[in-house]
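Here the structure is laid out as structure tokens; the discussion comes afterwards.
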Amino acid sequence: MTTINIIAIYLFCGILFGAGFEWLVNKFDSEWKDDIDNWQRVLWITAWPFFLIKFFMGYFGKDD
């Protein structure tokens with residue numbers, strides 16, 4: 001696998017993650033859906049592994 005393929009797969013996964021997040025915001029008619037900027041969308045696409053890990057840590061983590 002070349003570097004370009006790895007970057008393309010990473011960005012494709014980020015786009016899917018960002019699209020899923022946009023869908024959730026619109027489906028639940030969130031009050032802040034109009035406050036989402038393009039820089040936030042770029043952050044969702046580029047930092048999706050971090051957000052996914054934080055989600056799973058919060059979802060499956062212990063409640064103290």
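- Contact record, Ile45 with Tyr10: O-CE2, 4.3 Å, taken as the closest heavy-atom pair.
- Residue Val42 belongs to no hydrophobic cluster, having no ILVMFWY side-chain heavy atom closer than 4.5 Å to its own.
- Hydrophobic cluster membership for Ile53: Met57 (Ile, Leu, Val, Met, Phe, Trp, Tyr linked by side-chain heavy atoms under 4.5 Å, directly or transitively).
- Rounding to the nearest 0.5 angstrom, the gap separating the CG atom in Leu43 from the CH2 atom in Trp39 is 6.5 Å.
- One finds the CD1 atom of Ile7 at 8.5 Å from the OG1 atom of Thr2 (value rounded to the nearest 0.5 Å).
- There is no path of hydrophobic side-chain contacts, each under 4.5 Å, that joins Phe55 to Leu24.
- Criterion: ILVMFWY side-chain heavy atoms under 4.5 Å apart, direct or through other members. Under it, Phe28 and Phe51 are not part of a common hydrophobic cluster.
- When all heavy atoms are compared, the tightest approach of Cys13 to Trp48 is CB-CZ2, 3.4 Å.
- Within the structure, salt bridge (charged side-chain N to carboxylate O under 4.0 Å, His left out) contacts touching residues 14-32 (residues at least two apart or in different chains) are Glu22-Arg41, Asp29-Lys33.
- Residues Trp44 and Phe56 share a hydrophobic cluster, clusters being chains of Ile/Leu/Val/Met/Phe/Trp/Tyr side chains in contact below 4.5 Å.
- A continuous path of Ile, Leu, Val, Met, Phe, Trp and Tyr side chains, each step under 4.5 Å between heavy atoms, connects Leu52 with Val25, placing both in one hydrophobic cluster.
- A single hydrophobic cluster is not seen to contain both Phe17 and Trp23; linkage of ILVMFWY side chains at heavy-atom distances under 4.5 Å, directly or through other members, places them apart.
- Scanning all heavy atoms of the two residues, the minimum distance from Gln40 to Asp35 falls at OE1-O, 3.6 Å.
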